[in-house]
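All values below come from the heavy atoms of this structure, side chains included, with hydrogens, waters and symmetry mates left out. A quick note: this is a predicted structure, and the numbers were derived from the prediction, not measured.
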Amino acid sequence: MKISNRNELIKRREEYLSHLGTQKKKVYVCGGTGCVAGGSMEIYAQLQKLIDEKGLNCDVSLAEDACEDSIGLKKSGCHGFCEMGPVLRIEPAKLFYLKVKPENCEEIVEKSIAGDEIVEDLIYTRDGIKYPVQEEIPFYKHQTRIVLEDCGQIDAESIREYIAYGGYSSLEKCLFDIDRDEIVKTIYDSNLRGRGGGGFPAGRKWTQVKAQKSPIKYVVCNGDEGDPGAFMDRSIMEGDPHKMLEGMMIAGYAAGATEGYIYVRAEYPLAVERLERAIAQAREVGILGENILGTDFCFDIHIVKGAGAFVCGEGSALTTSIEGYRGMPRVKPPRTVEQGLFGKPTLLNNVETFANVPIIIEKGADWYKTIGPEKSPGTKAFALTGNIVNTGLIEVPMGTTLRQIIYDIGGGIRGGKKFKAVQIGGPSGGCLTEEHLDLPLDFDSLKKAGAMIGSGGLVVMDEDTCMVEVARFFMNFTQNESCGKCVPCREGTRRMLDILEKIVAGNGEMSDLDTLEKLADTITSTALCGLGKTAANPVVSTLKYFRDEYVEHIVDKKCRTKNCQALKTIYIEAESCKGCSLCSRVCPVEAISGKVKEPFTIDSSKCIKCGACIEKCKFNAIKEG
């Protein structure tokens with residue numbers, strides 16, 4: 001049955017909330033990509049089977065005829081604590097179980113669903129302290145979850161549950177209580193800045209699109225999250241898709257658009273599936289389509305799957321790809337707000353930006369500005385990965401320091417090793433070091449430090465990381481992803497990569513460092529789009545903070561972390577060698593020689609550093625240097 005007016009929406013919200021109230025317990029099984037890969041859907045199926053067998057009225061959807069005292073079993077989005085998946089949450093006790101396996105389900109049903117006991121083996125423990133409640137776990141306690149608030153705590157596949165918890169009330173407010181100018185002013189006054197990379201003020205963009213005279217305008221959501229290690233937007237699309245759709249609809253109403261497009265990576269099949277379901281549900285109930293809630297506002301949303309080109313994260317390349325052409329950026333002006341998709345004014349923001357919109361409309365610009373610094377208010381979602389104890393998806397106020405993220409939320413460096421650096425913002429970002437641990441993470445502070453937030457990837461590196469190899473890795477990624485349209489990016493990144501590969505191979509010269517810096521400056525100044533303009537950031541930042549490692553690779557022909565294969569030296573300690581000859585027998589290139597019962601030696605000119613001899617030596621006499 002369609003929701004045809006405001007009163008009907010309010011009535012349905014009350015009904016759905018009442019139905020939720022009949023569920024004496026709610027079990028949220030993580031349905032994010034990470035947990036699904038770990039077997040969470042098998043856990044979901046097993047729980048459903050066991051709950052039914054016990055006659056506990058398993059309720060897997062918010063049906064009209066909900067049973068009293070039922071158990072609500074739901075597929076939630078990503079809870080964020082990816083290191084500990086698969087995870088599940090049980091309401092109302094807020095129990096949080098980690099690393100759940102199908103064989104744990106019977107005990108969970110028996111103790112925590114049918115009863116009120118805790119399965120001790122499945123709760124989080126740190127420093128001898130047990131944390132059965134999710135919000136008390138240090139990983140969550142130090143976060144401020146606004147955009148991700150419902151991810152993990154709402155049925156990701158149910159529009160009814162979204163509506164029950166206040167979903168689409170901000171759209172309702174826009175359609176009936178405030179005019180378009182006030183909507184745009186609220187976003188402008190909130191100082192919401194785009195979460196896709198550059199931090200451009202969203203309100204300014206909305207104002208520019210609204211001012212265009214064209215009768216046809218578009219809203220486009222950039223879900224082309226291409227940074228290595230980044231999965232913030234994916235988790236929002238999977239875990240709370242209606243929040244993003246609502247933000248797009250509000251943008252469409254404010255700007256005067258009637259169609260929206262979501263450009264999402266084809267490598268995100270679960271996100272696509274959840275979005276398709278959410279759009280179909282919204283159309284079915286009348287929240288998408290013609291005369292929404294009985295008004296004259298008509299709006300529909302389409303999904304376009306991208307082929308995974310990193311350059312399509314750039315606005316003009318993205319819209320070109322939606323049109324069916326090869327995704328390549330174009331010269332500006334005109335800008336996307338003037339001539340974007342199909343040559344029409346286009347309001348383009350990313351997933352996280354649109355997901356902020358309903359919250360800002362609901363609570364107001366002044367409330368939003370109480371979170372984080374004045375010029376970069378609100379929160380930011382980060383994908384925390386690398387050599388850190390707790391990896392996962394986090395959300396913190398803008399201005400939170402690296403130290404707080406790495407040590408309070410992330411639990412410190414894995415294995416008790418020393419922190420070395422963090423790559424922030426993916427290939428477009430830069431490396432921050434120990435001296436930046438207390439730097440507030442916001443758009444302006446990071447820009448001054450020679451880095452950028454980007455889409456929100458945080459890759460933590462420890463003392464065993466080679467920073468020259470890090471620069472080579474990101475330059476290789478960027479060079480492969482260059483669309484080739486402009487010479488500075490196409491040829492410049494290739495030349496920079498050649499030099500970096502030369503250095504890690506032990507063939508570098510000191511003049512190469514000057515060449516890298518000159519190339520970086522030229523590419524940054526002359527490249528056509530954001531990909532090229534930021535391509536050199538990882539090289540520039542590692543040269544600035546870890547120049548000694550570059551010099552060591554070039555002058556001493558040594559990699560202190562022993563990551564660069566060509567610079568490894570394998571040798572035999574004479575005092576430890578027993579002369580068993582086993583090493584010489586496994587060497588594939590006959591680089592090891594000697595007499596039985598006397599120390600053997602390795603000819604470094606022949607050695608290919610395969611490590612076979614190290615594995616076979618029973619006396620730990622063969623070392624890497």
Side-chain angles (χ1 to χ4, degrees), residues 180 183-184 187-188 192-226 233 237 244-245 247-265 275 279 288 297-357 428 455 483 485-486 527-534:
R180 289 176 167 86
I183 296 168
V184 174
I187 301 301
Y188 190 96
L192 170 66
R193 296 175 68 170
R195 286 348 192 210
F200 189 83
R204 194 186 306 173
K205 187 179 291 186
W206 287 37
T207 302
Q208 291 169 343
V209 175
K210 183 178 182 298
Q212 300 300 314
K213 302 300 183 184
S214 172
I216 300 175
K217 300 174 185 177
Y218 295 100
V219 172
V220 173
C221 179
N222 182 355
D224 190 62
E225 187 174 48
D233 289 349
M237 290 186 284
M244 185 194 83
L245 298 183
M248 290 181 67
M249 294 171 71
I250 291 170
Y253 179 72
T258 59
E259 279 190 280
Y261 286 82
I262 304 170
Y263 189 82
V264 58
R265 302 177 76 80
L275 286 170
I279 290 170
L288 264 183
F297 177 49
C298 304
F299 194 80
D300 205 358
I301 295 176
H302 317 280
I303 296 173
V304 176
K305 290 184 279 189
F310 183 66
V311 73
C312 286
E314 192 275 340
S316 60
L318 185 153
T319 53
T320 301
S321 181
I322 292 176
E323 293 169 359
Y325 302 103
R326 181 181 174 188
M328 300 178 78
R330 57 172 169 75
V331 177
K332 306 171 189 66
R335 299 196 172 274
T336 305
V337 294
E338 301 156 343
Q339 292 181 31
L341 185 61
F342 304 120
K344 303 299 181 183
T346 301
L347 196 163
L348 172 62
N349 284 130
N350 86 319
V351 172
E352 188 179 349
T353 310
F354 279 124
N356 270 286
V357 170
S428 303
S455 60
C483 73
K485 185 172 183 177
C486 71
L528 176 60
C529 79
L531 184 148
K533 290 182 183 299
T534 59

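- Using modelled atom types and a 3.5 Å distance limit, the side chains of Asn350 and Asp233 yield a donor-acceptor pair.
- Closest of all the heavy-atom pairs between Gly247 and Trp206 is O-CH2, 4.5 Å.
- Applying the ring-ring contact (aromatic ring centres under 6.0 Å, His included) criterion to Phe342, with sequence neighbours excluded, gives Tyr218.
- No side-chain heavy atom of Thr258 sits less than 4.5 Å from a side-chain heavy atom of Asp300.
- Within 6.0 Å of atom NZ in Lys305, 12 or fewer heavy atoms from other residues, nucleotides or ligands are found, so the atom counts as exposed in its surroundings.
- Summarising the geometry, atom CE belonging to Met328 is positioned 10.0 Å from atom SG belonging to Cys312; distances are rounded to the nearest 0.5 Å.
- Put simply, OG1 on Thr336 and CD on Gln208 are 10.5 Å apart, with the number rounded to the nearest 0.5 Å.
- Panel note: side chain Lys210, backbone Gly256; no donor-acceptor pair is recorded below 3.5 Å.
- Tyr188 does not carry Arg204 over the face of its six-membered ring by the limits of under 6.0 Å from the centre and within 45° of the normal.
- Taking Ser316 as the reference, Glu314, Pro329, Arg330, Lys332 meet the side chain to side chain contact (heavy atoms under 4.5 Å, CB included) condition, with sequence neighbours excluded.
- Shown here is Arg326, whose CZ atom has no more than 12 heavy atoms of other residues, nucleotides or ligands within 6.0 Å.
- Atoms CZ and CG, on Arg265 and Asn222 in that order, are 10.0 Å from each other to the nearest 0.5 Å.
- By the 4.5 Å heavy-atom criterion applied to side chains, Tyr261 and Leu341 are counted as neighbours.
- Side-chain contact between His302 and Ile322 is absent, with no heavy atoms from C-beta onward closer than 4.5 Å.
- Side-chain atoms of Arg193 come within 3.5 Å of backbone atoms of Gly199 as a donor-acceptor pair (strictly under, hydrogens ignored).
- Within the 3.5 Å criterion, the main-chain N or O of Lys344 finds a donor-acceptor partner in the side chain of Thr346.
- Annotation: ring-ring contact (aromatic ring centres under 6.0 Å, His included) contacts of Phe299 (sequence neighbours excluded): Phe297.
- Using a 4.5 Å heavy-atom threshold, the side chains of Lys217 and Val209 count as touching.
- For the residue pair Ser321/Tyr263, the side-chain donor-acceptor check at 3.5 Å is satisfied.
- Inter-residue side-chain proximity for Met244 and Cys221 is flagged as met; some heavy-atom pair is nearer than 4.5 Å.
- Gln339 CD to Thr319 OG1: the interatomic distance, rounded to the nearest 0.5 Å, is 11.0 Å.
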